[in-house]
Structures are given as C-alpha cells and as structure tokens.
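Beneath this line is the structure, given in structure tokens, with notes to follow.
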Amino acid sequence: MSTASVSTDAVGSAGRGAGGVLAVAVLRRIGVFVLTVLVASLVVFALLNVLPGDVARAQLGMNASDADVAQFRAEHGLDRPLPVQYLGWITGFLTGDMGTSYSSRTPVALQVFDALQVSLILVGAGILIAVLIALPLGTLAAVRQNRPDGALLSALSQVGIAVPNFLAGLLLISIFAVGLGWLPSGGWTAPAEGFGDFLRQLTLPALALGLVRGAILSRYTRAAVLEVMREDFMRTARAKGLMPAAALRRHGLRNALVPVVTVTSVEFSALVIGAVVIETVFVIPGLGSLLMRAVDNRDLIQVQAIVMCVVVLVLLVNLLVDITRTLIDPRLRSTR
C-alpha cells in the first residue's frame with residue numbers, strides 16, 4: 001500500500017471518527033431535551049393543579065348546582081385521579097390534542113396554534129433585530145474601546161439595558177405613532193391578508209423587543225471580542241503582519257461567537273417573556289394576550305397548554321443553540 005493511500009485512509013478514518021463523535025453529542029443533547037420536556041410537563045401540571053379553588057365552580061359560578069358541577073367535572077375528566085389526568089393531558093399534548101377550553105368550549109389547540117404563529121413572527125423579528133444590532137455594534141465597541149465612538153457605543157448599550165420592554169414600546173408609540181403618525185400604534189394583520197399592513201404593524205413591537213435585547217447582546221459581544229483579542233493566537237496573527245481588523249475577521253470572530261450564541265439562547269427566553277408584555281401594549285393576538293385572557297377566565301386547561309408551548313419553545317431553541325455551539329467548537333463534543 002502506498003504512502004499516499006495510507007495517508008488518505010487515515011484522514012478518512014479521522015473524519016468518520018469526528019463525525020461519529022459529533023453524532024453521539026447531538027443525540028445526547030436530543031435525549032436531554034426529551035427528558036427535560038417530560039420533567040417540565042410534570043412540573044407545569046403539578047403546579048397548576050395544586051392551586052386553591054375549584055375550577056368547575058369558578059367556571060359555572062358559585063350558585064351552580066352540585067349536579068351541574070359534577071357534570072362539568074365528568075365532561076372535562078376532572079373527576080379522575082391526578083396521575084390519570086396527567087397521562088391523558090401529556091399524551092393529548094404530544095399528539096396535538098390540548099383539550100377543550102373551559103370558557104369558550106372550543107378546541108384549545110386551534111387557539112394556541114393561531115396565537116403561536118403570531119408570537120413566533122414577533123419573537124423572530126425581535127431577535128433578528130437584536131442580533132443585527134448587537135454583532136456589528138458590539139464588535140465595533142470592542143475594537144474602538146479606547147476611542148470616543150467606542151465609549152459612546154458602550155454608553156448607549158448601557159442606556160438600552162436600563163429600559164424595560166414596555167417602556168420602549170410606549171416611547172416608540174409616542175414618537176412614531178402619536179407624534180409623527182408614521183406607523184400604527186397597535187393591531188395585527190396576517191401577512192396573507194395584507195403584507196404592507198403586516199409590516200407596518202410589526203415594526204414598532206419588533207423594535208421594542210429587539211432594541212432592548214440588542215443592547216444587552218452588544219455588551220456580551222463586546223466582552224467576547226475583547227477577550228478573544230487578548231488571546232495568544234491573535235497576537236501571533238498580528239505579529240505575522242495582519243492588521244487588527246483582518247486578524248479579528250480571520251481568526252477571532254469564530255471563537256467570539258461561541259459565548260455570544262450561548263447568551264443569545266438565554267436572551268431568547270427573556271424575549272419570549274418580553275413578548276407577553278409587548279403583545280398587551282400593542283394589542284397583538286399572540287400567546288401573551290391569549291394567556292392573559294385564559295388567566296382572567298380561570299381557564300386552567302388553556303393556561304396549561306400555553307405555558308407548556310412556551311416551555312417547549314424555549315427548550316427547543318436551547319437545543320438548537322447547543323447543537324450550533326457543538327458544531328462551532330469541537331471541544332464541546334467530548335467534554336459534554
């Protein structure tokens with residue numbers, strides 16, 4: 001066997017070995033995700049079912065007869081033991097059957113899926129704006145840390161961190177809807193019903209979410225880039241004649257992305273929670289608005305479904321981020 005063929009076989013074996021390690025790492029994370037979803041479902045069900053008060057009485061009123069209450073409980077399976085109720089609920093949830101709303105008597109899944117689409121669009125637009133703001137501004141603030149423009153960018157990000165989502169939303173409404181009249185102050189139009197109106201109504205709430213989270217992410221980006229710029233391999237790259245910007249672009253940004261991607265997953269969870277407030281401020285029919293109505297109506301089955309959807313959504317994003325980090329940084333494939 002020639003030296004060249006031996007070398008090729010060795011490279012192929014190494015590639016297959018690396019691919020196998022990567023596959024095992026991804027499968028392990030998927031297994032942890034499934035287990036976490038099941039544990040979370042148990043916690044959500046337990047917490048909501050130990051709340052004081054009788055759901056049937058809350059729905060029918062305190063003057064309802066015992067027969068009506070018993071019929072309501074039997075109709076919704078509330079007369080069964082809690083473990084049986086849990087198994088029925090989680091099995092239905094996983095197969096897309098989230099039960100019937102206590103208050104509206106309509107399938108919960110239809111309402112949740114409609115609201116989920118709206119929330120996903122809003123959160124997706126918000127995180128896109130946040131990343132588009134954070135990566136260039138955070139990197140620029142790090143590269144120019146000792147200059148006036150770098151200090152100004154850092155100060156602006158500090159101000160952004162201090163502003164809560166609802167205040168950012170109210171400020172944007174005051175300026176662009178009430179003051180200038182450029183954009184609507186609320187409402188929602190589906191993209192299929194009018195794409196222009198959809199974009200106009202999406203702009204302010206997405207900005208309210210994205211600006212605040214972008215300010216936070218830019219601070220983490222700045223810190224990650226500064227740390228990478230102090231590494232030995234960056235000094236070596238510059239010693240070989242590369243300009244600082246070129247050295248950062250070729251060798252530094254990939255390493256700086258690992259902590260930034262991790263923080264982005266954490267910020268996604270905060271973004272989902274912030275969307276609940278923003279949907280209320282801008283009268284958007286997303287999961288947040290649906291959750292507020294369900295709580296007002298003491299519609300336990302609907303609250304369970306919405307909370308569980310949010311939990312699964314956050315865990316799913318964390319899983320995708322985990323896999324992305326594994327692809328970016330090979331060291332994570334064997335250490336976790």
Side-chain angles (χ1 to χ4, degrees), residues 26-62 64-120 123 265 268-269 272-273 275-276 286-323:
V26 171
L27 287 175
R28 187 187 303 142
R29 281 156 178 75
I30 292 174
V32 171
F33 165 75
V34 173
L35 184 62
T36 308
V37 167
L38 290 176
V39 172
S41 70
L42 194 58
V43 172
V44 169
F45 180 85
L47 288 177
L48 291 176
N49 280 276
V50 298
L51 292 174
D54 188 332
V55 173
R57 287 280 179 195
Q59 291 297 320
L60 300 176
M62 298 308 294
S65 66
D66 290 342
D68 288 340
V69 171
Q71 183 181 352
F72 182 93
R73 296 177 65 81
E75 183 182 340
H76 293 281
L78 298 174
D79 55 347
R80 296 178 296 175
L82 281 179
V84 177
Q85 288 186 45
Y86 168 75
L87 288 176
W89 170 66
I90 192 62
T91 304
F93 182 87
L94 294 175
T95 56
D97 180 7
M98 301 180 187
T100 303
S101 167
Y102 297 158
S103 54
S104 65
R105 306 298 176 97
T106 56
V108 171
L110 290 178
Q111 300 177 56
V112 170
F113 287 147
D114 286 345
L116 181 62
Q117 293 176 36
V118 175
S119 293
L120 284 179
V123 171
S265 71
F268 179 85
S269 308
V272 171
I273 296 169
V276 173
L287 278 182
S289 301
L290 188 63
L291 179 61
M292 292 297 105
R293 286 202 303 275
V295 171
D296 283 344
N297 295 328
R298 294 182 62 84
D299 201 334
L300 186 63
I301 191 75
Q302 203 170 46
V303 173
Q304 275 183 183
I306 296 169
V307 172
M308 198 58 209
C309 278
V310 172
V311 169
V312 171
L313 184 62
V314 170
L315 290 176
L316 189 60
V317 170
N318 286 337
L319 170 67
L320 294 176
V321 169
D322 235 11
I323 293 175

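Worth saying up front: this structure is predicted, and the values here are computed from it rather than measured. Numbers for residues simply follow the sequence, beginning at 1.
Between the side chain of Arg29 and the backbone N or O of Leu319, no donor-acceptor pair lies under 3.5 Å.
Within the structure, ring-ring contact (aromatic ring centres under 6.0 Å, His included) pairs that include any residue of residues 96-116 comprise Phe72-Tyr102, His76-Tyr102 (at least two apart or interchain). Annotation: side chain to side chain donor-acceptor pair (under 3.5 Å) contacts involving residues 103-112, sequence neighbours excluded, comprise Ser101-Ser103, Ser101-Ser104, Ser103-Asp299, Ser104-Thr106, Ser104-Gln111, Thr106-Gln111, Gln111-Gln302.
Nearest heavy-atom pair across Leu38 and Tyr86 is O-OH, 3.6 Å. In this structure, Gly288 and Ser119 approach most closely via the heavy-atom pair N-OG, 4.4 Å.
Put simply, CD on Gln71 and CG on Asp66 are 13.0 Å apart, with the number rounded to the nearest 0.5 Å. Rounded to the nearest 0.5 angstrom, Leu313 CG and Leu116 CG are separated by 6.5 Å. Rounding to the nearest 0.5 Å places CD1 of Ile306 at 11.0 Å from CD1 of Ile301. The distance from atom CG of Leu82 to atom CG of Asn49, rounded to the nearest 0.5 Å, is 5.5 Å. Distance check: Asp114 CG to Leu290 CG gives 9.5 Å after rounding to the nearest 0.5 Å. With rounding to the nearest 0.5 Å, the separation of CG in Leu47 from CG in Leu42 is 9.5 Å.
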ask   = Going through the checks in order, is the side chain to side chain contact (heavy atoms under 4.5 Å, CB included) test met by Val112 and Leu287?
value = CA-CA 7 Å; Val112 170; Leu287 278 182; 4.1 Å; yes
Donor-acceptor list for residues 87-100 side chains, cut-off 3.5 Å, not counting sequence neighbours:
| unit_1 | atom_1 | unit_2 | atom_2 | d |
| --- | --- | --- | --- | --- |
| Thr91 | OG1 | Leu87 | O | 2.6 |
| Thr95 | OG1 | Thr91 | O | 2.9 |
| Thr95 | OG1 | Gly92 | O | 3.0 |
| Asp97 | OD1 | Gly99 | N | 3.1 |

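Exactly one of Val108, Asn297, Leu48, Val44 qualifies for a side-chain contact (heavy atoms from CB on, under 4.5 Å) with Val303. That residue is Leu48.
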